[in-house]
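I have placed the structure first, in the form of structure tokens, so that the comments after it can refer back to it.
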Amino acid sequence: MPRKKAIFFPSIIGNIGSYLQNVSAKLGAAGSGLLADKYNTPAALLVKLGGWLTSLPDAINKAFADAQTAQQSYKTQNDLIADIQKDVLKEFNRIADEENFDEGDMIALGARVSHEPIDENTVKPRISKITVLMTMVILDWVKGRMQGVIIYGSYDGITWTEIGRDFKSPFEDMRSNRTPGTAEIRYYKMRYMKDDKAIGLETDVVKVVVDIA
């Protein structure tokens, strides 16, 4: 018995709408004499199909808007942290230059930390900043005392692929969008590496909206 051919369903979200429109046009309504009648497509499915053609664009537009909001919130957070770090370090450096400076005060302020051995089971990198440009996505990450990171990318937050390795921040993702001219959502995460092997825990997942030709 010959094997059935694989059935295609779009993996790119932006193509699902036109795919469903074509399905609807070819199946037709009950009694239209089109493929729905030929293959006795259940009426309940035809009703669902009509509803999907209305609800899918709204769902995609909302997801796109939510992703942009999340991206802006993440940028606001990182910009604030960068400002805090700059001003706090500036003040600590000023204090250290004062004639009456006491090293004990710097320790009390929490500005001196002794390095403890790195736990390779729990060490976790952090993506500190995301910059989305017309030509690339720039991911700043905190290296610390680690060798580098492995970067993973996903289009749905479920299926992940290694897209690069980086030994010095930032990492630049210069991949083009899968569908030129159509914005897409991308997910990123990282994991530290040692001797070219992944160690420790993964970063929190970050999501961005990208439109790279």
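Being a predicted model, the structure only gives us computed values, none of them experimental. Values below: all heavy atoms of this structure, side chains included; hydrogens, waters and symmetry mates excluded. Note that the numbering runs from 1 along the sequence shown for the chain.
Between the side chain of Ser24 and the main chain of Gln21, no donor-acceptor pair closer than 3.5 Å is present. Side chain of Thr203 to main chain of Met190: a donor-acceptor pair is present (N/O by atom type, distance under 3.5 Å, no hydrogens or angles). Between the side chain of Asp195 and the backbone N or O of Lys197 there is no donor-acceptor pair closer than 3.5 Å. Thr76 contributes a side-chain N or O that, together with a main-chain N or O of Gln72, makes up a donor-acceptor pair within less than 3.5 Å. Checked by atom type and distance alone, the side chain of Asp37 pairs as donor or acceptor with a backbone atom of Ser32 at under 3.5 Å. Formation of a donor-acceptor pair under 3.5 Å by the Asn177 side chain with backbone atoms of Thr179 is not found in this model. Within the 3.5 Å criterion, the main-chain N or O of Phe171 finds a donor-acceptor partner in the side chain of Asp166.
Contact of the Thr131 side chain with the Lys129 side chain is registered, since non-hydrogen atoms from C-beta on lie closer than 4.5 Å. With contacts defined as side-chain heavy-atom distances shorter than 4.5 Å, the pair Val208/Tyr188 qualifies. Residues Glu98 and Arg94 have side chains in contact (heavy-atom distance under 4.5 Å, counting atoms from C-beta outward). Within the 4.5 Å cutoff, no side-chain heavy atoms of Ile185 are placed close to those of Tyr155. Residues Leu20 and Leu49 have side chains in contact (heavy-atom distance under 4.5 Å, counting atoms from C-beta outward).
Connection of Leu46 to Leu53 is established within a shared hydrophobic cluster, with ILVMFWY side chains joined at heavy-atom distances below 4.5 Å, either directly or through further cluster members. A continuous path of Ile, Leu, Val, Met, Phe, Trp and Tyr side chains, each step under 4.5 Å between heavy atoms, connects Met193 with Trp160, placing both in one hydrophobic cluster. Hydrophobic clustering places Leu45 together with Leu56 (ILVMFWY residues linked when any side-chain heavy atoms are closer than 4.5 Å, directly or through intermediates). Linking ILVMFWY side-chain heavy atoms closer than 4.5 Å, directly or via other members, places Ile158 and Tyr152 in two distinct hydrophobic clusters.
Checked against side-chain hydrogen bond (donor to acceptor under 3.5 Å, both in side chains), Glu162 has the following partners two or more places apart in sequence or in another chain: Arg165. Checked against salt bridge (charged side-chain N to carboxylate O under 4.0 Å, His left out), Lys143 has no partners two or more places apart in sequence or in another chain. Partners of Phe9 by ring-ring contact (aromatic ring centres under 6.0 Å, His included), not counting sequence neighbours, listed by chain and number: Tyr19. The side-chain contact (heavy atoms from CB on, under 4.5 Å) test applied to Ala82 returns no partner, not counting sequence neighbours. Shown here are the side-chain contact (heavy atoms from CB on, under 4.5 Å) partners of Ser55, two or more places apart in sequence or in another chain: Trp52. For the side-chain contact (heavy atoms from CB on, under 4.5 Å) test, residues two or more places apart in sequence or in another chain that qualify with Ile84 are Leu80, Val88. For Thr69, the side-chain contact (heavy atoms from CB on, under 4.5 Å) partners are Ser73, not counting sequence neighbours. Lys26 is linked by a side-chain hydrogen bond (donor to acceptor under 3.5 Å, both in side chains) to Asn22, counting only residues two or more places apart in sequence or in another chain.
With hydrogens and angles left out, the side-chain atoms of Ser154 and Asp156 include a donor and acceptor closer than 3.5 Å.
Using a 4.5 Å cut-off between side-chain heavy atoms of Ile, Leu, Val, Met, Phe, Trp and Tyr, Met136 falls into a hydrophobic cluster with Leu133, Ile138, Met174. Grouping Ile, Leu, Val, Met, Phe, Trp and Tyr by side-chain contacts under 4.5 Å, direct or through others, leaves Ile81 on its own.
The stretch residues 180-191 participates, sequence neighbours left out, in these salt bridge (Lys or Arg N to Asp or Glu O under 4.0 Å) pairs: Asp173-Arg186, Arg178-Glu184, Glu184-Arg186, Lys189-Glu202. Note on residues 61-73: pairs passing salt bridge (Lys or Arg N to Asp or Glu O under 4.0 Å), not counting sequence neighbours, are Lys62-Asp66.
A salt bridge links Asp204 with Lys124: the closest approach of a Lys/Arg side-chain nitrogen to an acidic carboxylate oxygen falls below 4.0 angstrom.
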